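Accompanying notes for the structure given below.
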Amino acid sequence: MPEAATAPTGRAVIGDSEFDRDTAVTRREPGVYDIDLCAGWTIINAVNGGYLLAVLGRALADTLPHPDPFTVSAHYLTASQPGPAVVRTETVRTGRTLSTGQASLLQYDEEGNEVERIRVLASYGDLSALPDDVRTTAVPPAVPPIEQCFGPDDSPAPVPGSSAITDRLMLKLDPATLGWALGAPSGKGEMRAWFGLADGRDADPLSLLLAVDALPPTAFEIGLKGWVPTVELTVHVRHRPAPGPLRVSITTRNLAGGFLEEDAEVWDSEDRLVAQSRQLARVRLG
């Protein structure tokens, strides 16, 4: 088992934590949910895409007969802002082992018109019912022990692009992927970190939707700066995570035409690959 941090005393638990409260949706009627998007999950001024995915994931878990997200594909249409929002869900198909639904999150412009922010298509199942057979060539990322890694609090000055969300996370970055923070990016599209929630809540399938989109962009280590908005993000949840901090590894192999991909792997404290994702993001060149 990898070295990890000692669990904090008085830690929050799944179902009663800041993450649970801030992703909670209120059912107005079947398929329609209200939520007030919390400003605590913003990057600069926009709401983080992983947090939004968790909000929609919670609404779909209430709509569909199966409890756990297996695959979630999201298209980010416009930037979401803190404040009131409406989530609309629809059941597409229900089967014995998988059910599929779609969801949209909408907010209102200054004239009171609805603006769709994000649209999701997802399939849900029961992770606890999956067989234990695992055949893989994947290996956990080589991340140094937590005490040898660095987070936002270790920086002498605010990290470019950091925002309110950093206060909600336990994020410790591998020094080998921190050149960008020191003004000397490696040129490699890599980012690795220990990840958890700041209040000590253990991970569950919904928080994995946040984990894949919570690290600094790999574009920083390529030598680019500024906001890197997500265009599309697909997440595969493979296993219910064991208690303890997660290790997240993100890589980019190709930047072309102002767009790059980010491939993420999330590993739990028992060295299991619990989630994978790929996203397409836009960067500002020059």
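All values below were derived from every heavy atom in this structure, side-chain atoms included, with hydrogens, water molecules and symmetry-related copies excluded. Just so it is clear, the structure is predicted and the values come from calculations on it, not from any experiment.
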- [ ] Any chance you could lay out the side-chain hydrogen bond (donor to acceptor under 3.5 Å, both in side chains) test for Thr177 and Glu190, step after step, and finish with the verdict?
- [x] CA-CA 6 Å; Thr177 65; Glu190 298 177 349; over 6 Å; no
Open item on the list: Side-chain heavy atoms under 4.5 Å apart, restricted to Ile/Leu/Val/Met/Phe/Trp/Tyr: what other residues fall into the cluster of Val32, or is it alone?
Closed with: Val86, Tyr108
- [ ] Report the residues that fulfil salt bridge (Lys or Arg N to Asp or Glu O under 4.0 Å) with Asp20, sequence neighbours left out, ordered by chain and then residue number.
- [x] Arg58, Arg201
TODO: Not counting sequence neighbours, which residues clear side-chain contact (heavy atoms from CB on, under 4.5 Å) with Ala59? List them please.
DONE: Val25, Tyr33, Val87, Thr89
- [ ] Name the orientation class of the two ring planes belonging to Tyr51 and Trp41 (parallel below 30°, tilted from 30 to 60°, perpendicular beyond 60°).
- [x] parallel
Open item on the list: A side-chain contact here means heavy atoms from C-beta on lying under 4.5 Å apart; do Val47 and Val55 qualify?
Closed with: no
Got a list of side-chain donor-acceptor pairs under 3.5 Å for residues 75-84, not counting sequence neighbours?
from: Tyr76; atom 1: OH; to: Gly49; atom 2: O; distance (Å): 2.9
from: Thr78; atom 1: OG1; to: Glu116; atom 2: O; distance (Å): 3.0
from: Thr78; atom 1: OG1; to: Arg117; atom 2: NH1; distance (Å): 3.2

Task: Test item: His66 side-chain N/O and Thr100 main-chain N/O as donor-acceptor pair under 3.5 Å - done: no
Donor-acceptor pairs under 3.5 Å, side chain of residues 134-144 to any protein atom, not counting sequence neighbours: which ones?
from: Arg135; atom 1: NE; to: Asp133; atom 2: OD1; distance (Å): 3.4
from: Arg135; atom 1: NE; to: Asp133; atom 2: OD2; distance (Å): 3.0
from: Arg135; atom 1: NH2; to: Asp133; atom 2: OD2; distance (Å): 2.9
from: Thr136; atom 1: OG1; to: Ala138; atom 2: N; distance (Å): 2.9

Task: Heavy-atom side-chain contact between Val72 and Val120 under 4.5 Å - done: yes
- [ ] Would you confirm whether Ser123, through its side chain, and Thr71, through its main-chain N or O, come within 3.5 Å as a donor-acceptor pair?
- [x] no
Open item on the list: Test of understanding: with salt bridge (Lys or Arg N to Asp or Glu O under 4.0 Å), list the residues that count as partners of Glu265, not counting sequence neighbours.
Closed with: none
Task: Contacts of Arg272 that satisfy side-chain contact (heavy atoms from CB on, under 4.5 Å) - sequence neighbours left out - done: His239, Ala242, Asp268, Glu270, Val274
- [ ] Return the minimal non-hydrogen interatomic distance between Asp22 and Cys38, and the atom names on each side.
- [x] OD2-SG, 3.7 Å
Task: Side-chain heavy atoms of Leu206 within contact of Thr23, under 4.5 Å - done: no
TODO: Answer yes or no: is there a donor N or O on one side and an acceptor on the other, between the side chain of Asn48 and the main chain of Asp213, under 3.5 Å?
DONE: yes
- [ ] Applying salt bridge (Lys or Arg N to Asp or Glu O under 4.0 Å), name anything that partners Asp263, two or more places apart in sequence or on another chain.
- [x] Arg278
Open item on the list: If you compare all heavy atoms of Leu173 against all heavy atoms of Cys149, which two are closest, and at what distance to 0.1 Å?
Closed with: O-CB, 3.2 Å
Task: Name of the residue among Thr252, Thr218, Thr230 meeting side chain to side chain donor-acceptor pair (under 3.5 Å) with Glu262 - done: Thr218
Task: Sequence-distant partners of Val13, side-chain contact (heavy atoms from CB on, under 4.5 Å), two or more places apart - done: Asp16
TODO: Determine the minimum heavy-atom distance between Ser207 and Phe19, stating which atoms define it.
DONE: CA-CZ, 3.7 Å
Task: Listed partners of Leu98 passing side-chain contact (heavy atoms from CB on, under 4.5 Å), at least two apart - done: Phe70
Open item on the list: Could you walk me through whether Thr234 and Ser73 satisfy the side-chain hydrogen bond (donor to acceptor under 3.5 Å, both in side chains) test, starting with their C-alpha distance in whole Å, then the side-chain angles of each, then the deciding distance to 0.1 Å, before giving a yes or no?
Closed with: CA-CA 4 Å; Thr234 294; Ser73 294; 3.0 Å; yes
Open item on the list: Going by the rule salt bridge (Lys or Arg N to Asp or Glu O under 4.0 Å), which residues pair with Glu18 if we only count those two or more places apart in sequence or in a different chain?
Closed with: Arg168
- [ ] Output the rest of the hydrophobic cluster of Leu280: all Ile, Leu, Val, Met, Phe, Trp and Tyr residues reachable through side-chain heavy-atom contacts under 4.5 Å, sorted by chain and number.
- [x] Val231, Phe259
Open item on the list: Can you confirm whether Val237 sits close enough to Asp68 that some side-chain heavy atom of one is under 4.5 Å from a side-chain heavy atom of the other?
Closed with: no
Task: Sidechain-backbone polar pair: Gln102 side chain, Arg119 backbone, donor-acceptor under 3.5 Å - done: no
